Amino acid sequence: MADITLLSTADWDQPLWTNKQHVACELAALGQRVLYVESLGLRGLRAVRPGAKADGRRVWRRLRRAMGLPRQVRPNLWVWSPLVVPGAAGGLALQLNRWLLRWGLTRAQRSIGWRRDCLWTYSPMTMAVLPNLDYGQVAYHCVDAIQAQPEMPAAAISHWEQLLCRRADQVFVTSPALLRSLSPLNRRTRFYPNVADGAHFAQAMDPGLPIAADLLEIPEPRLGFVGAVSGYKLDLPLLVDLARRRPEWSLVLVGPVGEGDPSTDVSALQGMANVHLLGQRSYASLPAYLKGFQVGLLPLGFNAYTQAMFPMKFFEYLAAGVPVVASAIDALQPYGDLAQLVSPTPEAFEQAIAIALAGGGPSREQRLAGAEAHTYRRRTEAMLADLAAAP
C-alpha cells in the first residue's frame with residue numbers, strides 16, 4: 001500500500017465529476033491511501049461576470065475548509081482544501097502560493113501520518129508551486145490541453161508543464177494529440193483514453209429504473225447531451241441549425257451552462273421549442289436521463305482544445321446502451337466501430353441521427369462490449385502497473 005498525494009484541478013464535491021475524483025476512488029478501492037488536494041485555482045477570479053457570484057461562494061467555502069485538516073470521505077481517501085491565490089502565474093502571488101501550499105500540505109500530511117510515496121498530479125503548474133517535488137515517485141496525468149481553455153495563463157502553463165514532464169517518472173495522457181505533444185519530453189509517456197464508471201451508467205438498462213420525470217414530458221425522439229454546456233467545447237450553432245432542420249426531434253441538454261466559459265451564449269437555443277436546457281442534474285440521476293435518450297450526442301467543435309481531448313461522455317453513453325453520434329475528433333477515430341463519427345456539420349449530424357433512429361449504426365452488443373473494456377478499474381490497474389515498472 002502506498003500513500004498517494006493526488007493534486008487535482010477540480011474540487012472534490014463539484015457536481016460534474018471528472019477523472020480526478022474517479023481515479024482517486026479507484027486508487028483507494030485498490031488499497032492505496034489517497035490524499036485528494038482540491039484545485040489550486042489555475043484561472044483567476046472572474047469579476048463582474050455571470051460566474052462571479054459562484055466564484056465568490058467557492059472562495060468563501062475554500063477559506064472555511066482551508067483552516068481545517070483533511071476530512072475522510074471514503075475508506076483510504078481524504079480530501080484537503082489548500083489556501084492559495086487563484087490564477088497566480090508569477091511574481092509575489094506565486095511566491096505566496098508556494099509558501100502557503102508547502103506549509104499547508106506539510107501540516108495536512110503530518111496530521112494523518114502521511115508518507116510522501118507518490119505525487120499523482122493533474123496540474124500542469126505543479127512545479128510552479130512545488131518546485132522540489134520531494135516524493136518517491138511523480139506521475140503526471142494530463143487529461144486536457146488546459147492552456148487552450150478560455151482565460152488561462154497559457155504561456156505559463158506550457159512552460160511549467162514542460163518542466164513537469166521532464167521531471168515526472170511517468171506521464172499519462174488521454175488523447176493522441178497530447179501523446180504527440182508530451183512524449184518528446186518524457187519517454188515514459190503512455191496513452192490511456194478516458195473511460196467510464198460502467199456499473200453506474202449500466203443502470204440505464206435496468207427495467208426497474210424509471211426514466212427521469214422531467215424527461216418524460218419531452219416528446220420523442222430525444223437526442224441528448226450530458227455535460228458542461230460550454231462554447232469552447234460544444235458547437236452551439238450546429239445544434240441551432242439541427243433543431244431548425246428537424247423540428248420533430250427534441251434536443252435535450254443536461255448540464256450547467258458556461259462551465260469554464262462564462263461567455264457561452266445559449267440564447268438562440270433557448271428560443272427554440274424543440275430544444276430543452278434542463279440544467280445541472282446530480283451524477284446519481286444521470287442513468288435515468290440516459291435511459292430516456294434515443295441518441296447520445298457529442299456535437300464538438302474542431303479547435304485546439306477539442307482536438308486534444310477525449311470526451312468522458314463517450315463511454316458513459318455506450319455503457320448506458322445509447323447509440324452515439326459524435327464529431328470525429330482525433331481521439332475518437334480508433335472507436336469508429338462503436339459510434340457514428342461525423343463532421344461537425346448540421347447535415348452530417350442529421351444524417352447520422354436518422355440512421356441511429358432507424359436502428360442502423362453499431363449494434364448494441366458492439367457498444368456494450370466497447371464500454372466494458374474501458375472502465376476506471378481496468379485503466380487504474382494498468383496505470384499503477386506502469387508506475388510500478390518506472391525506474
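All values derive from a computational prediction rather than experimental measurement. The basis for the numbers below is simple: all heavy atoms, side chains too, and nothing from hydrogens, waters or symmetry mates.
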Between the side chains of Asp214 and Tyr289, is a donor N or O closer than 3.5 angstrom to an acceptor N or O?
-> yes

Are the aromatic ring centres of Trp120 and Tyr135 under 6.0 angstrom apart?
-> no

Going through the distances and angles, do Arg367 and Asp337 end up as a salt bridge (charged side-chain N to carboxylate O under 4.0 Å, His left out)?
-> CA-CA 8 Å; Arg367 301 195 300 270; Asp337 60 331; over 6 Å; no

If you look at every heavy atom in Ala24 and Leu77, which pair is closest and at what distance?
-> CB-CD1, 4.1 Å

Which heavy atom of Ala356 sits nearest a heavy atom of Val295, and at what distance?
-> CB-CG2, 3.9 Å

Are Glu161 and Leu182 close enough, and set up right, to give a side-chain contact (heavy atoms from CB on, under 4.5 Å), and what steps lead you there?
-> CA-CA 9 Å; Glu161 183 175 58; Leu182 299 186; 4.0 Å; yes

Tightest non-hydrogen contact, residues Phe302 and Pro344, listed as CZ-CD, 3.5 Å

Residues Arg116 and Asp134 bridged, charged N to O under 4.0 Å = yes

Flag the pair Tyr283 / His22 as yes when their ring centroid distance falls below 6.0 Å, and as no otherwise.
-> yes

Pair Ser8-Glu38, side-chain donor/acceptor within less than 3.5 Å | no

Can you establish whether the number of heavy atoms outside Gln307 located under 6.0 Å from its atom CD is more than 12?
-> yes

Check: Arg244 side chain, Met272 main-chain N or O, donor-acceptor pair, under 3.5 Å | no

At their closest point, which heavy atom of Arg187 faces which heavy atom of Pro391, and how far apart are they?
-> NH2-CG, 4.1 Å

Is any side-chain heavy atom of Phe349 closer than 4.5 Å to a side-chain heavy atom of Val325?
-> yes

Would Glu347 and Arg245 pass as an ion pair if we require N to O under 4.0 Å?
-> yes

How many angstroms lie between atom OH of Tyr305 and atom OH of Tyr232, to the nearest 0.5 angstrom?
-> 4.0 Å

Cationic N near anionic O, under 4.0 Å, Arg167 to Asp169 | yes

What's the verdict on side chain to side chain donor-acceptor pair (under 3.5 Å) for Asp197 and Tyr376, showing C-alpha distance, side-chain angles and the deciding distance?
-> CA-CA 6 Å; Asp197 183 347; Tyr376 282 103; over 6 Å; no

If you group Ile, Leu, Val, Met, Phe, Trp and Tyr by side-chain heavy-atom gaps below 4.5 Å, do Leu297 and Leu277 land in one group?
-> yes

Under a 4.5 Å side-chain heavy-atom rule over Ile, Leu, Val, Met, Phe, Trp and Tyr, are Leu7 and Ile112 clustered together?
-> yes

If we only count heavy atoms from C-beta on, is the Arg190 to Val171 side-chain gap below 4.5 Å?
-> no

Arg378 with Glu381: basic N within carboxylate O range, under 4.0 Å = no

Taking all atoms of both residues into account, what is the closest heavy-atom pair of Leu338 and Phe314, and its distance?
-> CB-CZ, 4.4 Å

Taking NZ, NE, NH1 and NH2 as the nitrogens, is one of them in Asp330 or Arg180 under 4.0 Å from a carboxylate oxygen of the other?
-> yes

Verdict with reasoning, Thr18 to Gln21, per side chain to side chain donor-acceptor pair (under 3.5 Å) = CA-CA 6 Å; Thr18 65; Gln21 293 95 334; 2.8 Å; yes

Look at the aromatic rings of Trp103 and Trp99 and report parallel, tilted or perpendicular, splitting at 30° and 60°.
-> parallel

Could you tell me if the ring centre of Trp78 sits under 6.0 Å from that of Trp12?
-> no

Show your working on side chain to side chain donor-acceptor pair (under 3.5 Å) between His200 and Gln203 and close with a plain yes or no.
-> CA-CA 6 Å; His200 179 68; Gln203 294 178 79; 3.2 Å; yes

What's the spacing between Gln32 CD and Leu27 CG if we round to 0.5 Å?
-> 6.5 Å

Plane angle bin for His374 and Tyr335 - parallel if under 30°, tilted between 30 and 60°, otherwise perpendicular | perpendicular

Linking I/L/V/M/F/W/Y whenever their side-chain heavy atoms sit closer than 4.5 Å, directly or via other members, would Ile355 and Ile353 fall into one cluster?
-> no

Hey, are Ser230 and Glu259 close enough side-chain-wise for a donor-acceptor pair under 3.5 Å?
-> no

Heavy-atom closest contact (Thr306 atom, Ile329 atom, distance) | O-CD1, 3.7 Å

Report the C-alpha distance between Thr126 and Tyr140 in whole Å, list the side-chain angles of each, state the deciding distance to 0.1 Å, and finish with yes or no for side chain to side chain donor-acceptor pair (under 3.5 Å).
-> CA-CA 9 Å; Thr126 298; Tyr140 175 40; over 6 Å; no

